[in-house]
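Values in this document were obtained by computation on a predicted structure and should not be read as measured data.
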Amino acid sequence: MKKNHSVIFKLFNFYIAAVLMLLAFTACSERDDTPEEFPDWKNKNEIFFEAAYLAKDYDFTVKRYSLSEKVATTNTDYVLVEVFGSDEEADMETPFLNDTVLIHYVGYLLPSTTYKTGYEFDKSYIDPFDYETAVPSKLAVNDLVVGVSSVLQEMHRGDYWRVTIPYQMGYGTAGNGNVPGYSTLIFEIRLEDFWTKKKGDR
């Protein structure tokens, strides 16, 4: 009899503790006033890209690359390009979809609640950029998001571009890792070299 009372008492205490924890969690959740990092993100990104495209405040556009040679039908079938630098003595060859490239790059998003200049989600070098110490990343063109792979196929060795990519040519509506869905991607890319891949390459 004493043993049964002990079990009931323990179960009762466990139940009370569980209820108190649930109430505490609920109260904390209701009082959580942490600002949202990416408020109204879809709308913000769509308005931004459309305005940027129409403003023509860029050097040129690159059309979405497609093996089916799809004709661009909307503004979001294009990447906006600003040329920061180029090698005038470089040859006019450009990478193909199946090529391997050596690039320096940094990728960031539009400004958000905390990141006033845009969240930097990926980078191949440590600031400040230095040609003497920075090691370019070795990547397959066809492994990259459509916007970046489309752009790389238009670049020449020595080109340094900033490109603005609509989410439809980036990580889409689902996002990727720390990059939320509907994100406009902004990359600064320096193309160092490229070559046709061979067996065992990369």
Side-chain angles (χ1 to χ4, degrees), residues 38 41-86 92-112 118-125 136-197 201-202:
F38 304 104
W41 199 236
K42 178 178 184 289
N43 191 45
K44 179 177 182 177
N45 281 266
E46 289 180 342
I47 290 173
F48 169 84
F49 189 83
E50 182 68 13
Y53 182 91
L54 295 175
K56 308 244 179 245
D57 191 20
Y58 46 85
D59 294 302
F60 55 88
T61 61
V62 169
K63 185 173 72 172
R64 176 195 293 265
Y65 177 82
S66 171
L67 291 174
S68 63
E69 297 186 5
K70 169 189 170 186
V71 176
T73 56
T74 68
N75 295 351
T76 54
D77 283 324
Y78 293 92
V79 175
L80 314 183
V81 177
E82 298 170 78
V83 177
F84 286 174
S86 62
M92 296 306 292
E93 291 184 346
T94 59
F96 290 109
L97 184 64
N98 289 326
D99 283 352
T100 298
V101 294
L102 285 179
I103 60 174
H104 301 288
Y105 67 91
V106 56
Y108 50 96
L109 308 180
L110 299 185
S112 58
Y119 171 60
E120 193 175 283
F121 62 89
D122 199 6
K123 197 169 197 173
S124 67
Y125 57 86
S137 294
K138 183 180 180 182
L139 302 168
V141 176
N142 59 13
D143 281 346
L144 306 173
V145 295
V146 173
V148 174
S149 65
S150 297
V151 162
L152 283 171
Q153 292 175 82
E154 301 294 330
M155 296 182 76
H156 307 95
R157 292 179 178 90
D159 280 351
Y160 172 26
W161 293 1
R162 178 165 66 192
V163 298
T164 302
I165 301 171
Y167 70 81
Q168 293 89 342
M169 293 175 70
Y171 293 122
T173 60
N176 182 59
N178 292 330
V179 178
Y182 303 103
S183 291
T184 300
L185 306 180
I186 301 172
F187 279 97
E188 293 182 16
I189 303 172
R190 294 174 168 88
L191 177 59
E192 292 297 297
D193 200 5
F194 60 90
W195 62 91
T196 302
K197 71 175 182 177
D201 193 13
R202 304 180 194 144

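Listed by chain and residue number, nothing satisfies the side chain to side chain donor-acceptor pair (under 3.5 Å) test with Asp57 (two or more places apart in sequence, or in another chain). With sequence neighbours excluded, the residues that form a side chain to side chain contact (heavy atoms under 4.5 Å, CB included) with Thr94 are His156. Every ring pair (Phe, Tyr, Trp, His ring centres under 6.0 Å) that Tyr125 has, sequence neighbours left out, goes to Phe129. With sequence neighbours excluded, no residue satisfies ring pair (Phe, Tyr, Trp, His ring centres under 6.0 Å) with Phe49. Residues that satisfy the ring pair (Phe, Tyr, Trp, His ring centres under 6.0 Å) test with Phe38, not counting sequence neighbours, are Trp41. Residues that satisfy the side chain to side chain donor-acceptor pair (under 3.5 Å) test with Tyr105, not counting sequence neighbours, are Asp122. With sequence neighbours excluded, the residues forming a side chain to side chain contact (heavy atoms under 4.5 Å, CB included) with Glu192 are Leu102, His104, Tyr131, Pro136, Arg190, listed by chain and number. For Phe96, the side chain to side chain contact (heavy atoms under 4.5 Å, CB included) criterion is met by Asp99, not counting sequence neighbours. With sequence neighbours excluded, no residue satisfies side chain to side chain donor-acceptor pair (under 3.5 Å) with Tyr53. Residues that satisfy the side chain to side chain donor-acceptor pair (under 3.5 Å) test with Glu188, not counting sequence neighbours, are Tyr108, Tyr160. In this structure, Phe48 has no ring pair (Phe, Tyr, Trp, His ring centres under 6.0 Å) partners at least two apart in sequence or on a different chain.
Smallest separation of non-hydrogen atoms from Pro95 and Leu191: CG-CD2, 4.1 Å.
The CE atom of Met155 lies 10.5 Å from the CZ atom of Phe194; values are rounded to the nearest 0.5 Å. Expressed to the nearest 0.5 Å, how far OG of Ser150 lies from CG of Leu144 amounts to 10.5 Å.
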Exercise answer: donor-acceptor pairs, residues 166-178 side-chain atoms, under 3.5 Å, sequence neighbours excluded:
unit_1, atom_1, unit_2, atom_2, d
Tyr167, OH, Glu46, OE2, 2.6
Asn178, ND2, Tyr119, OH, 3.3

